[in-house]
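In what follows, every chain begins at residue 1, and chains take the letters A, B, ... in the order their sequences are listed.
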There are 2 protein chains.
Amino acid sequence: MPPPRPARIADVAAAAGVGVGTVSRVINGAANVRESTRATVQQAIERLGYRPSHLAVALSRGTPRAVAIVVPHLTSPSVVPRLAGALAVLSEQGYDSVVCNVDTPAQRDHHLAALTGRHRAAGVIVVSLRLSAAQAELFRRSGTPLVAIDMVIPGVPHTVTDDVAGGRMATGYLLSLGHRKIGFVGDTMRGAAAAGRLLLGFASSQRRLAGYRQALVAAGADQDPALVRRGPHGPANAEALAAGLLALPDPPTAIFAASDRQAIGVLAAADRGGVKVPGELSVMGFDDIESAALMGLSTIRQQLWESGAEGARRLCAVLRGDRVVPLRQQLSLEVVPRSSTAPVPGGRAARAAGHLATTSDSALTGIGPQDAGGHQ
Amino acid sequence: MPPPRPARIADVAAAAGVGVGTVSRVINGAANVRESTRATVQQAIERLGYRPSHLAVALSRGTPRAVAIVVPHLTSPSVVPRLAGALAVLSEQGYDSVVCNVDTPAQRDHHLAALTGRHRAAGVIVVSLRLSAAQAELFRRSGTPLVAIDMVIPGVPHTVTDDVAGGRMATGYLLSLGHRKIGFVGDTMRGAAAAGRLLLGFASSQRRLAGYRQALVAAGADQDPALVRRGPHGPANAEALAAGLLALPDPPTAIFAASDRQAIGVLAAADRGGVKVPGELSVMGFDDIESAALMGLSTIRQQLWESGAEGARRLCAVLRGDRVVPLRQQLSLEVVPRSSTAPVPGGRAARAAGHLATTSDSALTGIGPQDAGGHQ
DNA sequence: GCGCGGCATGGAACCGGTTCCATGACGAAC
DNA sequence: GTTCGTCATGGAACCGGTTCCATGCCGCGC
């Protein structure tokens with residue numbers, strides 16, 4: 001039988017007539033090896049078809065060459081680009097990426113506990129997941145480097161966006177089109193928890209709502225509590241919420257949904273109710289997931305792919321031993337006008353629309369409790 | 001400092017006053033350990049906060065507890081559910097899942113070569129990716145178990161669907177609604193390769209086209225080559241292709257797109273051209289991705305999540321040492337009628353629509369070169 | 001009372017690398 | 001010619017578990 005037993009480093013050493021240390025140096029490209037020796041060893045490696053054991057290397061070096069990424073609700077469209085961005089960077093840096101998908105709190109706790117185990121992962125990236133103090137402490141004590149994406153964890157490098165500013169931008173854009181009665185559709189914590197879903201999106205929904213309110217206040221526009229509808233996450237629920245808004249005696253002329261998925265539910269409600277978009281109703285989403293472009297949905301673009309890539313880059317920096325400062329990294333947002341928004345029927349305004357369309361309004365961005373930083 | 005050095009098994013043994021072998025037995029729940037000893041060791045483990053080294057365990061046992069999943073174009077909506085299904089099963093079975101996203105042939109080759117390395121992965125799942133003979137041979141020789149999803153690889157367990165039958169079902173459904181001029185929009189290999197994209201979707205597009213043709217022949221319907229349009233993958237391209245169909249002097253009353261993403265492009269073209277769906281044009285997709293439901297797109301449902309889960313289950317079976325027979329596992333398809341299809345305007349027919357709507361037509365399924373098997 | 005089987009146990013060998021230290025050869029400087 | 005430094009090299013120790021084998025103790029049967 002040709003491959004009775006895979007060759008190990010000692011076999012190569014014997015075949016090349018050298019010591020194991022020399023073979024190791026050749027493999028790792030160490031400097032102090034005579035050229036002729038290197039060639040001899042190289043030949044022996046090829047002749048025996050030798051491949052180093054990934055496990056043995058990792059064990060000797062004392063650290064696995066794999067990082068784990070914990071994501072909630074993998075099927076949710078906004079997390080996929082984040083994951084893809086992280087995978088691209090990690091792959092390029094030579095790391096294996098262990099992906100942990102999490103749909104329930106139990107799964108989250110299970111994976112987080114497991115990942116703090118010894119020699120489990122060189123580092124961990126968590127996406128959109130809140131950690132309990134105990135869990136964060138577990139990471140600290142186990143010495144497993146941690147970075148967060150779309151979630152603030154004290155003492156941990158995190159890559160986020162300013163959702164409050166985003167809420168202001170979306171609402172400000174609608175205001176600039178002349179809309180004054182602007183509805184909001186988003187999700188609640190309570191409903192989300194009751195449905196067994198994690199807090200994915202909740203925190204951001206809450207902050208985007210805050211931005212919505214700030215923009216309305218700043219513009220002196222109508223702030224009718226009846227125009228704010230919140231319920232469990234998901235397009236189907238959003239559709240029901242939007243239907244409620246459209247059934248009002250004096251319905252809004254525009255709706256800002258806290259996410260593109262929910263905005264798609266709003267579009268469905270409009271379609272079902274015979275309300276023309278954007279003729280009678282403007283709809284604004286958030287995230288700029290792939291479907292948004294396909295459906296012509298106006299939205300706030302969030303750098304999803306880039307957020308994953310940046311998180312991964314920062315983790316790699318930590319793994320190299322670099323200090324990552326500042327901990328907070330904030331990616332910018334951008335208004336993306338498409339065909340779901342239009343000036344309010346019969347209204348004036350729409351003067352600043354062209355301006356707002358292609359860049360984030362720095363004046364608006366500057367308002368509020370959160371800093372509006374750039375990259376790094 | 002409290003944690004100067006993580007405890008290892010020898011420390012536990014010393015603390016408990018036993019040998020390392022005994023500690024190992026306690027950890028792994030071996031039978032021959034006196035109860036009092038077990039308790040002592042257990043206490044020592046907890047007192048020292050001992051956690052076994054994942055790497056050392058894997059190295060000793062001779063196999064990593066991780067499997068790799070190679071997927072093309074992670075951002076493509078149809079692969080995400082497949083991945084999620086596989087992750088769910090693997091996680092439940094206690095495996096780490098290393099995800100390799102592949103966007104170019106070079107990346108594919110790189111990952112496949114790496115994964116055959118020694119102690120790299122306990123097994124590998126490839127999704128929608130063709131392997132060269134050399135690559136398949138590499139897996140065989142390296143002894144790395146391999147299973148395929150949505151791709152036939154000789155000698156390797158694979159979980160697939162009958163795309164030809166699916167093409168027949170989609171076209172047959174449109175025929176049952178009375179449509180006779182039915183267009184096809186799909187992708188080509190040439191265009192895909194030119195764009196640097198992999199063969200993702202191409203092979204299935206080709207087979208779905210074959211089913212389309214079979215159904216037309218069987219129904220004695222119009223088979224105009226001008227109604228078949230193929231180009232690079234992606235909704236934007238599909239939109240252009242569909243626009244071409246709609247601009248024909250005698251345009252089709254229905255279009256079958258080889259995938260939901262392309263169908264969404266068709267919908268966009270209809271929208272842009274002022275063609276009412278389903279009033280003037282019926283549109284049929286394939287896959288049943290999440291967006292399809294949101295947009296009311298009629299489609300052929302493929303069990304995407306389940307395909308990933310089944311592939312993972314079969315890999316686990318191989319890893320347990322079970323023989324997996326037969327190699328081919330075929331998942332069923334289903335017509336999902338939504339609001340993008342309607343009886344042809346002014347037509348009779350639509351008699352069998354209700355029937356076809358909820359179940360695959362077994363008569364149609366039986367035709368053609370491929371077997372129509374069930375699960376397992 | 002003695003021999004034997006079985007069970008709990010200790011510990012060495014092993015998984016397959018990396019790394020550090022000791023060694024020997026060689027050239028340069030004195 | 002001798003000594004010292006440098007460089008290539010061999011090989012043992014180590015990473016942290018699992019596993020197998022030898023050992024000792026015990027109880028049982030004769």
Nucleotide by nucleotide, 5' to 3', does protein get under 4.0 Å of the base (B), only the sugar-phosphate (S), or neither (-) in nucleotides 8-20 of chain D, counting heavy atoms? SBBBB--BBBSBB
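Checked against salt bridge (Lys or Arg N to Asp or Glu O under 4.0 Å), A:R65 has no partners two or more places apart in sequence or in another chain. Take A:R320 and apply the salt bridge (Lys or Arg N to Asp or Glu O under 4.0 Å) test, not counting sequence neighbours, and it matches A:D322. For B:R313, the salt bridge (Lys or Arg N to Asp or Glu O under 4.0 Å) test picks out B:E306, B:E310, with sequence neighbours left out. Remark: B:S97 pairs with no residue by the side-chain hydrogen bond (donor to acceptor under 3.5 Å, both in side chains) rule, at least two apart or across chains. With sequence neighbours excluded, the residues that form a side-chain hydrogen bond (donor to acceptor under 3.5 Å, both in side chains) with A:E137 are A:R140. Every residue was checked against the side-chain hydrogen bond (donor to acceptor under 3.5 Å, both in side chains) condition with A:T63, not counting sequence neighbours, and none meets it. Residues satisfying the side-chain hydrogen bond (donor to acceptor under 3.5 Å, both in side chains) criterion with A:Q107, sequence neighbours excluded, are absent altogether.
Over its full length, the helix from C:dG1-D:dC30 to C:dC30-D:dG1 turns its helical axis through 60°, comparing axes from the five pairs at each end and rounding to 10°.
The stretch residues 15-31 of chain A participates, sequence neighbours left out, in no salt bridge (Lys or Arg N to Asp or Glu O under 4.0 Å) pair at all.
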Expected rows: protein N/O vs nucleotides 23-25 of chain D N/O, under 3.5 Å:
none

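Distance alone, capped at 3.5 Å, is enough to place a donor-acceptor pair between the B:S142 side chain and the B:L138 backbone.
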Name every donor-acceptor pair, under 3.5 Å, that has one atom in a side chain of residues 36-46 of chain A and the other anywhere in the protein, sequence neighbours excluded.
from  : atom 1 : to    : atom 2 : distance (Å)
A:R38 : NH2    : A:A30 : O      : 3.4
A:T40 : OG1    : A:S36 : O      : 2.9

